[in-house]
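Okay, so here's the structure we're looking at.
Residue numbers start at 1 and run along the sequence shown.
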Amino acid sequence: MPSDVFSRYMRMAGHDVLMVSGTDEHGTPIQVQADKEGVTPHELADRYNRVIVEDLHGLGLSYDLFTRTTTRNHYAVVQEIFEGLYENGYIVAKTTLGAISPSTGRTLPDRYIEGTCPICGYDSARGDQCDNCGNQLDPSDLINPKSKINGETPKFVETEHFFLDLPGFVSALNSWLDTREGWRPNVLRFSKNLVDDLQPRAITRDLEWGVPIPLADWKDRGDKRIYVWFDAVIGYLSASVEWARRSGDPEAWRRWWSADGEGKDANAYYFMGKDNIVFHSVIWPALLLGYSGEGDRGGEPGPRGRLNLPTEVVSSEYLTMEGKKFSSSRSVVIYVRDFLERYDADALRYFIAAAGPESNDTDFTWAEFLRRNNDELVAGWGNLVNRSISMAAKNFGEIPALLDPTAEDLALLATVRAGFQSVGDLIGRHRQKAAIGEAMRIVAEVNKYLSDQAPWKLKAEADKPRQGTILHVALQAVSDCNRLLTPFLPHSAQKIHELLGGTGVHAPQPRIEEVEDLDGGPSYPILTGDYTAGARWEPADVVAGTPLAAPKPVFRKLDPSIVEEELARLGG
Ligand SMILES: [Zn+2]
């Protein structure tokens, strides 16, 4: 959601935006789960990809392309980046120790091995990563490793794998991180600490599910694959390439990526939860540097030329639910589709923006969701929209004229217009919580103006021009506030635009399209859309005489009983 709010704001402010992502579908957990269900990993990935595409569509996330990592296009781009790094000497083969299950003889996935972290001493570190200190690990690094599947001690056997020479990027990464501005301080600090401890990392696994290794003696081997953490981050580039190929201009990706060409002024923002910082502020930049020939070993840029590194890595903290960690197995969860079946997308978008884990771990409670929805969204913003439009509709049937505005009228209009600067600036600096707070503060000012001016008391015929002027000011303020809230609340913004007599697209929405794989693979659903139309980030004068009808409420007041009902659904 933060990436969508940012993209919508940037588009409204007149910037060109390309927003891409996709489902990341490789890795041992997919293989293990597929085995458990007796389906292929691809079948399992198909199922979840479709669920996720539908969920993101329901939330109104305005992707130019939301794709997946099992496309042939993605495989080809991953292999290209691998080859570029290999050519430049940043990928080297090594014999290493791999874990197998002594009872079954099969490779034991990293994440299914648990033990004590050799770096921080945390006793439930996984074989791929320590969730306490954030360092990436190899299973053979763990002290007292145990299989999470059956508790046995894994056997480590020699196996050949490719390693990424991460120490070769320490100085390039440090120089780059030193030039970063505006990052959340904890993200920058955390990233710098990670760089100091970089070790060579295995980027292939004994696994059948994943992108094949693009080297002569390895290509056709069924038992070795590029590992998910290497291929998944390349998805941002491959999605951009796919978007360009689908747009009819296969080179259009360069406008966003080419560091020496058309993309040299492009900014790249990455949004994630804090458990993914390492991949975006260290691993992905290292891959881009190596491909561009800019680590300690030097080298030449690959065929795509030098590529842009992230401008900013925007990381959120964790969200818990009713004081507990989200867990599908313990039913501490609300699935997006269930949420959207019972509540409106904008109610959730409002909560996440106003009370989400932007810079602190945050707890979602149903009582707080109810309070925010009813007291802020409905009683604050919804009530302002509803009472100003219905009063104008009832008394004038149209937007009344602005006649002899008073100092109070002009002061209120100025307050609202100043929001384009203050709210926009906060969204631009990724302070969305403060931004929506500022927008809602302005909404409260408009509500106070209406209460102070009390246009409902001006019933005499002689007072009608003044009543009309107050309502004109209120409707102008509603129209401007609606634009300030559009990046956060696009669904209701479209409805309010129409209630004010507006036509056409105010807040564009994504659509789901079933597409053929561009290179002959199976078809799949994507999220895409045309976002060229829509409101700009600037005030627009409402036009006196525009017909108005009695409005239907845009936001739904929720019954307090939903708290008990939702808590009863939770386990844990
Ligand atoms: Zn640790």
Side-chain angles (χ1 to χ4, degrees), residues 3 7 16-26 45 49 53 56 62-88 203 210-214 226 228-271 279-280 283-293 300-311 510 513-531:
S3 61
S7 298
D16 287 336
V17 172
L18 176 68
M19 174 163 149
V20 294
S21 192
T23 43
D24 144 19
E25 303 184 344
H26 296 117
N49 165 258
V53 164
L56 301 185
S62 57
Y63 286 100
D64 292 283
L65 179 66
F66 185 90
T67 179
R68 56 194 305 191
T69 59
T70 44
T71 66
R72 295 203 178 168
N73 174 73
H74 176 72
Y75 276 42
V77 175
V78 169
Q79 291 179 332
E80 256 181 62
I81 298 292
F82 185 103
E83 283 167 332
L85 284 156
Y86 184 79
E87 293 286 313
N88 285 339
I203 55 167
V211 181
I213 300 161
I226 293 176
V228 62
W229 67 261
F230 183 92
D231 97 73
V233 287
I234 298 171
Y236 300 113
L237 175 62
S238 66
S240 306
V241 170
E242 181 183 341
W243 164 81
R245 293 177 65 192
R246 291 190 183 283
S247 80
D249 175 6
E251 298 299 314
W253 63 272
R254 293 189 187 277
R255 287 176 52 215
W256 310 98
W257 289 94
S258 174
D260 297 316
E262 300 134 85
K264 69 179 187 321
D265 297 323
N267 288 313
Y269 299 88
Y270 294 77
F271 294 80
F279 298 106
H280 296 84
I283 302 291
W284 180 222
L287 300 188
L288 291 165
L289 285 164
Y291 181 84
S292 301
E300 290 297 316
R304 290 184 186 272
R306 285 177 61 243
L307 299 173
N308 283 329
L309 268 59
T311 304
E513 238 176 62
E514 296 289 327
V515 296
E516 295 300 318
D517 184 286
L518 291 166
D519 308 291
S523 62
Y524 53 96
I526 58 167
L527 266 188
T528 185
D530 177 359
Y531 310 111

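Annotation: ring-ring contact (aromatic ring centres under 6.0 Å, His included) contacts of H26 (sequence neighbours excluded): Y75, W209. Checked against side chain to side chain contact (heavy atoms under 4.5 Å, CB included), E514 has the following partners two or more places apart in sequence or in another chain: R50, P525. Partners of R245 under the salt bridge (Lys or Arg N to Asp or Glu O under 4.0 Å) rule, at least two apart in sequence or in another chain, are D519. Among residues two or more places apart in sequence or in another chain, the side-chain hydrogen bond (donor to acceptor under 3.5 Å, both in side chains) test is passed with E251 by R254. The side chain to side chain contact (heavy atoms under 4.5 Å, CB included) search around D64 returns R11, L18, M19, W243, Y531, not counting sequence neighbours. Applying the side chain to side chain contact (heavy atoms under 4.5 Å, CB included) test to A232 and every residue at least two apart in sequence or in another chain returns D24, V228. R304 meets the salt bridge (Lys or Arg N to Asp or Glu O under 4.0 Å) test with E80; sequence neighbours excluded. Looking at residues two or more places apart in sequence or on another chain, you find a side chain to side chain contact (heavy atoms under 4.5 Å, CB included) between T23 and E25, N49, I52, F66, R68. Listed by chain and number, the residues in a ring-ring contact (aromatic ring centres under 6.0 Å, His included) with Y269 are F6, H430 (sequence neighbours excluded). Under the salt bridge (Lys or Arg N to Asp or Glu O under 4.0 Å) criterion, E513 pairs with R511, not counting sequence neighbours. A search for salt bridge (Lys or Arg N to Asp or Glu O under 4.0 Å) contacts involving D16 returns R255, not counting sequence neighbours.
Note: L518 CG to E242 CD = 5.5 Å, rounded to the nearest 0.5 Å. Atom CD1 of I234 sits about 10.0 Å away from atom CD of Q79, to the nearest 0.5 Å. We find the CG-CG distance between L289 and L309 to be 4.5 Å, quoted to the nearest 0.5 Å.
Residue pairs that meet the salt bridge (Lys or Arg N to Asp or Glu O under 4.0 Å) test with at least one member in residues 257-267, sequence neighbours left out, are D260-R306.
Within a 6.0 Å sphere centred on OH of Y86, other residues, nucleotides and ligands contribute 12 heavy atoms or fewer.
Partner of I526 under the side chain to side chain contact (heavy atoms under 4.5 Å, CB included) criterion, out of V515, V53, T71: V515 alone.
Nearest heavy atoms, I226 versus P214: CD1-CD, 4.1 Å.
A donor atom on one side chain and an acceptor atom on the other are found under 3.5 Å apart for Y270 and W284.
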